K.L.:
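Sharing a structure below in structure tokens format, with a few things to ask.
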Amino acid sequence: MSARNPGMHLDLEWVSKVRVNTQAVLKRAQQIQGGKVAKKQWQAAWLLKAVTCIDLTTLAGDDTPSNVHRLCMKATQPIRHDLLKSMDMHDKGITTAAVCVYPSRVADAVKSLKAANSSLPVASVATGFPAGQTPLKTRLAEVQMAVEDGAVEIDIVINRTLALTGQWAALYDEIRQFREACADAHMKTILAVGELGTFTNVYKASLVSMMAGSDFIKTSTGKETVNATYPVAIVMVRAIRDYFLRTGYKVGFKPAGGIRTAQESVVWLTLMKEELGDEWLNPHLFRLGASSLLADIERQIYHYVTGRYPAYHELPMA
């Protein structure tokens, strides 16, 4: 990952001045969605790039050591070897960016990856995911437990109540405490944008999260009714840009929830390229939180290589 974001003192004056032009945001989102799509080998290249930015995720109530193990194996070899070989990409070390699991499954994931001789990072959601409504003491303990078990990235959720009621100083203080609990682990802060009400709130929550030392800001838990949308992403990446211009620190961006098609992954990469530039087009600063996206990307790559779509049994998913 990129250099850590040390954060800064809470600048409430900056936060209070935030205004978001909703119409302009919606118009920009439409432009990005309606842009030209890369075809053939260019599309294949974009799709492989997208694979390297995926946080391959399982956050189900029925997670077991065996399905976490399968997920880890898929993350280390996300695209079938023979497909990569026919594209001359088999020796480029293509893996997903990380594996993301619940705190109680971190040890299983670490063990599986170690056994496979893989240095792939394990990320863990924490802090009372997905609602963030458990007591602060419990949320902090959860972060510490995940770090002790070997998670090197922690996806925390903010307390939406504090954002919705404008208690920015209290939100800042909570995130600062999570940051300390993360120790050396990178911290991704989930805003749960579908529950923040307005674009202005999303922008303010983004700023406060970055001031408190978040290395990434992330759209959603994937459990809200509205998850990663392009308009919300534009608001968040512009907050990232403003923070970078003000402080010189690059904060990463992670859309998550509902991203299922190869086509969408290319739109997300395009959005990053156009709004933040090529430097953000790598897993140090851009992640796609997804569970079923990889299957569709592999399907499209299979089609690119063979000229036909695979039968379901030909590409078993993790």
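None of the values given here were measured: they were computed from a predicted structure.
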K.L.:
Just checking, is any N or O donor in the side chain of Glu264 or Thr261 under 3.5 Å from an acceptor N or O on the other one?
P.N.:
yes

K.L.:
Answer yes or no: is there an ion pair linking Asp215 with Lys188, defined by an N-O contact shorter than 4.0 Å?
P.N.:
no

K.L.:
Whether the side chain of Thr138 engages the backbone of Thr134 through a donor-acceptor N/O pair (distance < 3.5 Å, no angle test) should be reported.
P.N.:
no

K.L.:
State, to 0.1 Å, how close Leu120 and Thr96 come at their nearest heavy-atom pair, and which atoms those are.
P.N.:
CD1-O, 3.1 Å

K.L.:
Donor-acceptor pair, Ser214 side chain versus Ile217 backbone, under 3.5 Å?
P.N.:
no

K.L.:
With no hydrogens and no angle check, do the side chains of Gln43 and Tyr304 hold a donor and an acceptor under 3.5 Å apart?
P.N.:
no

K.L.:
Between Glu279 (side chain) and Leu276 (backbone), is there a donor-acceptor pair under 3.5 Å?
P.N.:
no

K.L.:
Between Lys204 and Val15, which heavy-atom pair has the shortest distance, and what is it?
P.N.:
CE-O, 3.1 Å

K.L.:
Indicate whether the side chain of Asp63 and that of Thr58 have a donor and an acceptor atom separated by less than 3.5 Å.
P.N.:
yes

K.L.:
Where do Ala50 and Ser265 come nearest, in terms of heavy atoms and distance?
P.N.:
CB-OG, 3.7 Å

K.L.:
What I want to check is whether the side chains of Thr165 and Gln167 have a donor and an acceptor closer together than 3.5 Å.
P.N.:
yes

K.L.:
Determine yes or no for a side-chain-to-main-chain donor-acceptor pair under 3.5 angstrom, with Tyr302 supplying the side chain and Arg308 the backbone.
P.N.:
no

K.L.:
Do Phe286 and Trp268 have ring centroids that are under 6.0 Å from one another?
P.N.:
no

K.L.:
Where the side chain of Arg176 meets the backbone of Ala212, is there a donor-acceptor pair that is under 3.5 Å apart?
P.N.:
yes

K.L.:
Quick one: do the Ser66 and Thr64 side chains pair a donor with an acceptor below 3.5 Å?
P.N.:
yes

